Amino acid sequence: MIATSSKLLTKDDMEKHDDLPDWLIQEYKTFEETVTDDTFPCYFGMKGQKKGELRYAYISQEDWTNLPKALEEFLALFNEATKIKHGFFLFVEPFEKEGTLDDYQKQFWAILQYLHEQDQKEWPTDHPKDPEHFLWDFHFNGEPIFVFGNAPAYKQRKTRNLGNSLILGFQPRTIFQGLEGTQKGGVMSREKVRERVEKWDQLPKHPDISHYGDPTHNEWKQFFIGDDIEPIKGKCPFMHKDMK
């Protein structure tokens, strides 16, 4: 019987195809071809994929239960004495028929809400619980994580289209040490990537893209950006358990 969801997987696991569903094999192939293209804007993703430093998991439309464990296993990698900047990508079984960007956005936030509801660790007391606070960021297992959504409904922002699946990228804030938005190295790295993104997308930088800690910025808005150059309106779909 083919599993409908998985725990943490390596590049070798994905390439061996053992017990992986057909849809995942195809979507992983598309993902790899895209992010290893020499012109792909994100150096970190390209390097991580080529060197086998990325980790993966997948969920079906009906079963998300193994996701919390996979993310816990991924975060545990950073307890090791290593300087590897691992990234984690979650593949979601495609809809039977391609959805709208709003459909994928809703599922994206539903998955983060699910993770939060399943989280066994308390939200750090020194971090805001309200997404409207400029210092809010997503936490799981006590760790702050930047999460970004990629979906087939992105038609203009091609860098956010990695195949037929909704794909969530998870980057623990620890990998950005020395590359913060206020640091010279961080500013230079981000600008280089953003220049390449604009070239790929043939669109200016999305107005909600900034850096963590910017008092004029809401971090949640760059988790799942629009397929245009319009600022995101409305409130964040995420709600902390204590605020319900």
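Everything numeric in this text was worked out from a predicted model, so none of it was measured. Position 1 is the first residue of the sequence; numbering continues from there.
Under a 4.0 Å N-O distance rule, the pair D228/R160 does not qualify as a salt bridge.
For the pair Q107 and Q61, the minimum side-chain heavy-atom distance is below 4.5 Å. At least one side-chain heavy atom of L9 sits under 4.5 Å from a side-chain heavy atom of L20.
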Audit row: T100, D102, side-chain hydrogen bond (donor to acceptor under 3.5 Å, both in side chains) steps and yes/no: CA-CA 5 Å; T100 65; D102 188 54; 5.1 Å; no
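Q156 contributes no side-chain N or O that, together with a main-chain N or O of Y154, makes up a donor-acceptor pair within less than 3.5 Å. With hydrogens and angles disregarded, a donor-acceptor distance shorter than 3.5 Å links the side chain of H206 to the backbone of E230. Counting only distance, with no hydrogens or angles, the side chain of S60 and the backbone of E62 share a donor-acceptor pair below 3.5 Å. A donor-acceptor pair is defined here as one N or O able to donate and one able to accept, closer than 3.5 Å; no such pair exists between the side chain of W123 and the backbone of F138. Judged purely by atom type and a 3.5 angstrom limit, D227 uses its side chain to pair as donor or acceptor with the backbone of K155. With E132 contributing its side chain and K235 its backbone, the two residues share no donor-acceptor pair below 3.5 Å. Remark: side-chain polar atoms of D201 are paired, donor with acceptor, to backbone N or O of K158 under 3.5 angstrom. In terms of modelled atom types and a separation under 3.5 Å, the side chain of H116 and the main chain of K241 share a donor-acceptor contact.
Looking at residues two or more places apart in sequence or on another chain, you find no side-chain hydrogen bond (donor to acceptor under 3.5 Å, both in side chains) involving D126. Every ring-ring contact (aromatic ring centres under 6.0 Å, His included) that F88 has, sequence neighbours left out, goes to F74, F170.
Atom CD of E122 is surrounded by 12 or fewer heavy atoms from other residues, nucleotides or ligands within 6.0 Å. Counted within 6.0 Å of NZ on K69, heavy atoms from surrounding residues, nucleotides or ligands total 12 or fewer; the atom is thus considered open.
Aromatic ring centres of H211 and H217: separated by at least 6.0 Å. Aromatic rings from F91 and F31 are positioned such that their centres are separated by under 6.0 Å.
With Y28 as reference, Y56 is the one residue of Y56, Y58, W23, F89 to meet the ring-ring contact (aromatic ring centres under 6.0 Å, His included) rule. Results of the ring-ring contact (aromatic ring centres under 6.0 Å, His included) test with F238 over W136, F223, F108, Y114 single out W136 as the only residue that passes.
Between the side chains of N164 and E98, no donor-acceptor pair of N or O atoms lies under 3.5 Å.
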